Amino acid sequence: MGKQRIKPIRILFLMSIIFLFASGSGCVRSFEEESNYNIKDMDISADRAGTSFVDLNVTTYVEKYQGDTEKNASLLLKVYSRESGLLETQEKIELGRLEKGETKAVSQSLSLPKTGGYNIRSVLFEEDTQKGSGEINVYNLDFLPADVQDIGLEISEMDFRVRKVEDGKVLIESDIYLTNEGKKTSRDLRMLVKVRELDAGLLADKVWTRTGEIKPETTVIRSVNLTMPDQYNYAVEVLIWNNDTIVRRGEDYIQLNPKVEVKDKTSTETKKIQTSEFENVDDYEMVPEEKYAEEGATPGFSLFLAAVLLCSAAVLRRRFG
């Protein structure tokens, strides 16, 4: 009978311990600083898709639903590879002070290799204290089609040199500067260079060539020769083709018969250009003067040195003979 009385007492004792433990835990939580912020949502879009990389725009919606603190907030965007779990990159942006009840849309740009997928996490801080986080995933970026116009190449500049003037025709060498602004070596693409008379729009000449493969952040020069009638003004057009699509255009001008304003600025007159005065001689036809001097001096010096050596040899032979 005593044992039957002890059992309820043990149960009450155990329940008291559990109650006290639960109450203690609640006290610990009550002393923790609660967050006044909430990451309501995240959006992601592809701004630009290349052949090997993609530019993503991540928008995080940050809400401050309570609290009047004057502390500054910041948002840290962290990107993890879904395959390896490694941190790929991170970007931090300062938000400043947010008012109570304010929701702020924060956009951040990322440039990532177009392989597999990523886990993108937004971590919100108030000063140095983390207040919240949100995440969004992207998958199968390698299946995202590349933008048709994205070849990484830009036509940065053009130069023109007169090579020959004969029978009213001008042969002009056109130097086209191509810059690869992409992140990998560009493909070898077809390039059409044509020259068109400005007033009539008639085509004077056109030449097909190729861009060649160009390394990232590199500028190369591709040269073509164009023939056109003298004393006209022209537009030189450069078209880069990707298969059957024009993906890049460039234009510059050659004025062999320019118009200039007269002093009263109410009319114009044509300025006579003597094109033959700009004719360039090929480099291989010109020999530097120092080369001529060096070649002329070498034989004389060699003969003098040989004579001195012969005399010295004769003197030594007599002395030791």
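For the numbers below, each heavy atom of this structure counts, side chains included, while hydrogens, waters and symmetry mates do not. Small disclaimer: the values here were computed from a predicted structure and weren't measured.
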**Student:** Between Glu83 and Gly116, what is the shortest heavy-atom contact and its length?
**Tutor:**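 Scanning both residues completely, I find the closest heavy atoms to be OE2-CA, 3.6 Å.
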**Student:** Once you round to the nearest 0.5 Å, how far does CD of Glu157 lie from CG of Leu178?
**Tutor:**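 Between Glu157 CD and Leu178 CG, I get 11.5 Å after rounding to 0.5 Å.
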**Student:** Flag yes if Met191 and Val247 sit in one hydrophobic cluster, no otherwise; membership is Ile, Leu, Val, Met, Phe, Trp, Tyr, and two members link when side-chain heavy atoms are under 4.5 Å apart.
**Tutor:** yes
**Student:** Measure the CG-CG distance between Asp205 and Leu171 for me, rounded to the nearest 0.5 Å.
**Tutor:** 9.0 Å
**Student:** Does any N or O in the side chain of Thr211 come within less than 3.5 Å of the main-chain N or O of Leu189, such that one atom is a donor and the other an acceptor?
**Tutor:** yes
**Student:** Could you state whether Val236 and Val207 fall into the same hydrophobic cluster, counting links through intermediate Ile, Leu, Val, Met, Phe, Trp or Tyr residues with side-chain heavy atoms under 4.5 angstrom apart?
**Tutor:**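 Val236 clusters together with Val207.
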**Student:** Could you check whether any side-chain N or O of Tyr234 sits under 3.5 Å from a backbone N or O of Pro229, counting only pairs where one atom can act as donor and the other as acceptor?
**Tutor:**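 Yes, because the side chain of Tyr234 sits within donor-acceptor range (under 3.5 Å) of the backbone of Pro229.
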**Student:** Distance check, rounded to the nearest 0.5 Å: Lys194 atom NZ versus Leu226 atom CG?
**Tutor:** 12.0 Å
**Student:** CD1/Ile176 to OG1/Thr209 distance, rounded to the nearest 0.5 angstrom?
**Tutor:**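 Nearest 0.5 Å value for the CD1-OG1 distance: 7.5 Å.
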**Student:** For Gly212 and Asp188, work out which heavy atoms get closest and say how close.
**Tutor:**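 Between these two residues, the closest heavy atoms are N-OD1, 2.8 Å.
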**Student:** Any side-chain to backbone donor/acceptor pair from Thr179 onto Glu181? Under 3.5 Å, distance only.
**Tutor:**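 Answer holds: no.
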**Student:** Does the pair Glu127/Lys71 count as a salt bridge with the N-to-O cut at 4.0 Å?
**Tutor:** no
**Student:** Is there a continuous path of hydrophobic side-chain contacts, each under 4.5 Å between heavy atoms, that joins Leu77 to Ile93?
**Tutor:** yes
**Student:** Do Leu112 and Tyr118 have side-chain heavy atoms sitting under 4.5 Å apart?
**Tutor:**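 Sidechains of Tyr118 and Leu112: in contact.
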**Student:** Going through the distances and angles, do Ser74 and Lys92 end up as a side-chain contact (heavy atoms from CB on, under 4.5 Å)?
**Tutor:** CA-CA 7 Å; Ser74 60; Lys92 187 176 183 180; 3.5 Å; yes
**Student:** For the backbone of Tyr177 and the side chain of Ser156, can you confirm whether one donor and one acceptor N or O come within less than 3.5 Å of each other?
**Tutor:**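 Between the backbone of Tyr177 and the side chain of Ser156 there is a qualifying donor-acceptor contact (under 3.5 Å).
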**Student:** Please report the interatomic distance CG(Leu110) to CG(Asp47), rounded to the nearest 0.5 Å.
**Tutor:**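 It is 10.0 Å, given to the nearest 0.5 Å.
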**Student:** Any idea which heavy atoms bring Asn57 and Ser109 closest together, and the distance?
**Tutor:**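 Between these two residues, the closest heavy atoms are ND2-OG, 4.0 Å.
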**Student:** Does Trp208 belong to the same Ile/Leu/Val/Met/Phe/Trp/Tyr cluster as Ile221, with side-chain heavy atoms less than 4.5 Å apart forming each link?
**Tutor:**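 Cluster IDs for Trp208 and Ile221 differ.
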**Student:** Under 4.0 Å between a side-chain nitrogen and a carboxylate oxygen: does that hold for Lys114 and Asp142?
**Tutor:**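 Judged by the 4.0 Å cut-off on N to carboxylate O distance, Lys114 and Asp142 do not form a salt bridge.
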**Student:** With side chains defined as the heavy atoms from C-beta onward, is the minimum distance between Leu141 and Thr115 less than 4.5 Å?
**Tutor:** no
**Student:** Look at the side chain of Lys104 and the backbone N and O of Leu95, then say whether any donor-acceptor pair between them is shorter than 3.5 Å.
**Tutor:** yes
**Student:** Should Tyr37 and Phe125 be marked as a side-chain contact (heavy atoms from CB on, under 4.5 Å) after you check the CA-CA gap, both sets of side-chain angles, and the distance that decides it?
**Tutor:** CA-CA 9 Å; Tyr37 299 89; Phe125 290 88; over 6 Å; no
**Student:** Report the C-alpha distance between Asp43 and Val58 in whole Å, list the side-chain angles of each, state the deciding distance to 0.1 Å, and finish with yes or no for side-chain contact (heavy atoms from CB on, under 4.5 Å).
**Tutor:** CA-CA 6 Å; Asp43 290 334; Val58 181; over 6 Å; no
**Student:** Check this for me, if you would: do Glu102 and Lys64 make a salt bridge, where the nitrogen-to-carboxylate-oxygen distance has to be below 4.0 angstrom?
**Tutor:**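 So Glu102 does not pair with Lys64 through a salt bridge.
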**Student:** Can you tell me if Tyr232 has over 12 outside heavy atoms packed within less than 6.0 Å of its OH?
**Tutor:**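 No, OH of Tyr232 has 12 or fewer neighbouring heavy atoms, counting only those of other groups under 6.0 Å.
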**Student:** Quiz question: by atom type and distance under 3.5 Å, do the side chains of Asp175 and Ser223 form a donor-acceptor pair?
**Tutor:**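 Side-chain D/A pair, Asp175 to Ser223: present.
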**Student:** Go through the steps to decide whether Thr60 and Leu75 satisfy the test side-chain contact (heavy atoms from CB on, under 4.5 Å), and finish with yes or no.
**Tutor:** CA-CA 9 Å; Thr60 306; Leu75 194 67; 3.6 Å; yes
**Student:** Less than 4.5 Å apart, any side-chain heavy atom of Glu135 and any of Ile120?
**Tutor:**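 SC-SC contact between Glu135 and Ile120 ruled out.
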**Student:** Using every non-hydrogen atom in the two residues, find where Val138 and Arg82 come nearest and quote the distance to one decimal.
**Tutor:**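 Minimum heavy-atom contact is O-CD, 3.7 Å.
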**Student:** Taking the side chain as every heavy atom from C-beta outward, state whether Asn72 and Glu126 have any pair of such atoms under 4.5 Å apart.
**Tutor:**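 They are not in side-chain contact.
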**Student:** Do Arg163 side-chain atoms and Glu173 backbone N/O form a donor-acceptor pair below 3.5 Å?
**Tutor:** no
**Student:** With distance as the sole test, does Asn180 use its side chain to make a donor-acceptor pair with the main-chain N or O of Lys184 at under 3.5 Å?
**Tutor:**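 A pair under 3.5 Å: yes.
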**Student:** So which atom in Ile214 and which in Arg222 form the shortest heavy-atom distance, rounded to 0.1 Å?
**Tutor:**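 Looking at all heavy atoms of both residues, the closest pair is CG1-NH2, 4.3 Å.
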**Student:** Should Met42 and Thr59 count as side-chain neighbours, where that means a heavy-atom distance under 4.5 Å?
**Tutor:** no
**Student:** May I ask you to test the Val193-Lys206 pair for a side-chain heavy-atom distance under 4.5 Å?
**Tutor:** no
**Student:** Can Val165 be reached from Phe160 by stepping across I, L, V, M, F, W or Y side chains whose heavy atoms are under 4.5 Å apart?
**Tutor:** yes
**Student:** So does Glu237 pair up with Arg249, basic N to acidic O under 4.0 Å?
**Tutor:**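 No, this pair does not count.
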**Student:** Would you give the length of the straight line joining atom CD of Glu91 to atom CD of Gln108, rounded to the nearest 0.5 angstrom?
**Tutor:** 7.5 Å
**Student:** Is it true that Glu154 and Arg248 make a salt bridge, defined as a side-chain N closer than 4.0 Å to a carboxylate O?
**Tutor:** yes
**Student:** Taking it one step at a time, do Arg190 and Asn242 satisfy side-chain hydrogen bond (donor to acceptor under 3.5 Å, both in side chains)?
**Tutor:** CA-CA 7 Å; Arg190 292 188 304 151; Asn242 183 7; over 6 Å; no
**Student:** Ignoring hydrogens, what is the shortest heavy-atom contact between Asn233 and Pro258? Give both atom names and the distance.
**Tutor:** OD1-N, 3.6 Å
